Number of protein chains: 2
Amino acid sequence: MSLTLADAIERHILAQLAVAGEIALQRVELARQYGCAPSQINYVLATRFTPERGFLTESRRGGGGYIRVRRAAQPELGRIAAALRAQPDGIAQAPAHALIARCRDAGLLTGREAAMLQALTRREAIGLPLPARDVVRARCLVAALLALSDER
Amino acid sequence: MSLTLADAIERHILAQLAVAGEIALQRVELARQYGCAPSQINYVLATRFTPERGFLTESRRGGGGYIRVRRAAQPELGRIAAALRAQPDGIAQAPAHALIARCRDAGLLTGREAAMLQALTRREAIGLPLPARDVVRARCLVAALLALSDER
DNA sequence: TATAATAAGGTCAGGGAAAGTCAGAAACCT
DNA sequence: AGGTTTCTGACTTTCCCTGACCTTATTATA
């Protein structure tokens, strides 16, 4: 269980977010705490706190600069399915999995349901060449999410 | 009864699993212990710790990379998935839906899960011509059931 | 009021550290 | 001999992390 620096910083930020819902951090200061290059903070934000994963960040440079991080509002399943269906090129694996994870975190999907959907939207599961794969992935996902929005 | 290297590594991992239920190993490190090529670890995992045998593996590359191995919790679903995977022509819609219904009635799937799976294995959801459609349907179903065989 | 200095954060290429893949060699059976 | 299993090495892909350089905002100064 090797905890990388990026993992540690991610936890740090997540812990702060759990308390406050919206936080402002100072890049150099955080980098100093972890003894790393300031750009490492950008790396963590870029790979873990993306819009796809349900986070929004904004920042300001110059004197008194900051980076603000907050959770994005989550739309409901039906709207998600509709938005997905509007994509003519389908959806790639990474954004699809991020989308599923967000739905799970928002309580729209159970852990089992999310695991199932992520498994069957993997490249190897669909097993078609691009671009057909992304299209089929999107269609299956839409069908699944719509089925759930009827159920319950 | 010659004990191959692969057998030894298999026992090593099984012993660890017996203690912990879920383990994280480092490929290079394990290879070093056994004085073999790192890819030998992949061979062992690919031939002995397969989903059909009730194991799941996930990994991360790069700095701080790892391979995690755990036992699947619901071997029942795993066996069904293995049987399905053995069908070279895939599975048609009607038998697929019947299979899903049986799993639901047997308490292996919730109503929501079954509804999702039936929706996304419909012809229109997959949207491919035969015979590819039946093949993709089977692959997706296998992936989904295997994922569930792990989850709680 | 311009202008210079200072104090932030942003970007990107690239090196290093893992794990993955796959063809083919080697070993082991019938 | 033929087929199956084991094992390796070369190459690929992914992820982490840094350092050099760039852009923007504030503050001090002429």
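Proteins get letters first, then strands, A, B, ... in listed order; numbering begins at 1 in each. This one's a predicted model, so the numbers in the text were calculated from it and none came from an experiment. These values consider heavy atoms only, across backbone and side chains, with no hydrogens, waters or symmetry-generated copies.
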(message) My understanding is that a hydrophobic cluster links ILVMFWY residues whose side chain heavy atoms are under 4.5 Å apart, including indirect links. Using that, what else belongs to the cluster containing Val28(A)?
(response) none
(message) Using C1' atoms of five pairs at each end, report the bend of the helix from dT1(C)-dA30(D) to dT30(C)-dA1(D) rounded to 10 degrees.
(response) 0°
(message) So, taking the atom named CG in Leu148(B) and the one named CD in Glu76(B), what distance separates them when rounded to the nearest 0.5 Å?
(response) 13.0 Å
(message) Suppose we screen for side-chain hydrogen bond (donor to acceptor under 3.5 Å, both in side chains). Which residues come up paired with Arg122(A), at least two apart in sequence or across chains?
(response) Glu124(A)
(request) Determine whether Ile67(A) and Gln26(A) make a side-chain contact, defined as any pair of heavy atoms from C-beta on separated by less than 4.5 Å. (result) no
(request) List in chain and number order the residues that pass side chain to side chain contact (heavy atoms under 4.5 Å, CB included) with Ala92(A), two or more places apart in sequence or in another chain; answer none if no residue qualifies. (result) Pro95(A), Asp134(A)
(request) Go through residues 124-137 of chain A and report each residue with a non-hydrogen atom lying under 4.0 Å from DNA chain C, sorted by number. (result) none
Short heteroatom pairs, N/O only, protein and nucleotides 5-11 of chain D, under 3.5 Å:
unit_1	atom_1	unit_2	atom_2	d
dT6(D)	OP1	Arg48(B)	NH2	3.0
dT6(D)	OP2	Tyr43(B)	OH	2.2
dT6(D)	OP2	Arg48(B)	NH1	3.4
dT6(D)	O5'	Tyr43(B)	OH	3.1
dC7(D)	OP1	Leu5(B)	N	3.0
dC7(D)	OP2	Ala6(B)	N	2.6
dC7(D)	OP2	Gln40(B)	NE2	2.8
dC7(D)	O5'	Gln40(B)	NE2	3.4
dT8(D)	OP2	Ala37(B)	N	3.2
dG9(D)	O6	Ser39(B)	OG	2.7

(message) Using a 4.0 Å cut-off on heavy atoms, which residues in residues 57-64 of chain B reach DNA chain D? List them by number, or say none.
(response) Arg60(B), Arg61(B), Gly62(B), Gly63(B)
(request) Can you sort out the partners of Glu10(A) under side-chain hydrogen bond (donor to acceptor under 3.5 Å, both in side chains), two or more places apart, ordered by chain and number? (result) Arg48(A)
(message) What I'd like to find out is whether the side chain of Gln40(B) reaches to under 4.5 Å of the side chain of Val44(B), using heavy atoms alone.
(response) yes
(request) State which residues pass side chain to side chain contact (heavy atoms under 4.5 Å, CB included) with Tyr66(A); sequence neighbours excluded, sorted by chain then number. (result) Arg60(A), Arg68(A)
(message) Measuring only between side-chain heavy atoms, which start at C-beta, is Ile80(A) closer than 4.5 Å to Cys103(A)?
(response) yes
(request) Quickly work out the Ile67(B) CD1 to dT21(C) P distance and round it to whole Å. (result) 10 Å
(message) So, using side-chain hydrogen bond (donor to acceptor under 3.5 Å, both in side chains) as the criterion, who are the partners of Thr4(B) when residues are at least two apart?
(response) Asp7(B)
(message) Using a 4.0 Å cut-off on heavy atoms, which residues in residues 20-33 of chain A reach DNA chain D? List them by number, or say none.
(response) none
(message) Between P on dA19(C) and CD1 on Ile41(B), what's the gap in Å once rounded to a whole number?
(response) 10 Å
(request) Take atom CZ of Arg123(A) and atom P of dT14(D), then tell me their distance rounded to the nearest Å. (result) 7 Å
(message) Holding to side-chain hydrogen bond (donor to acceptor under 3.5 Å, both in side chains), I want the full list of residues that pass it with Gln87(A), two or more places apart in sequence or in another chain.
(response) none
(message) Pairing donors with acceptors under 3.5 angstrom, does anything connect the side chains of Glu52(A) and Thr50(A)?
(response) no
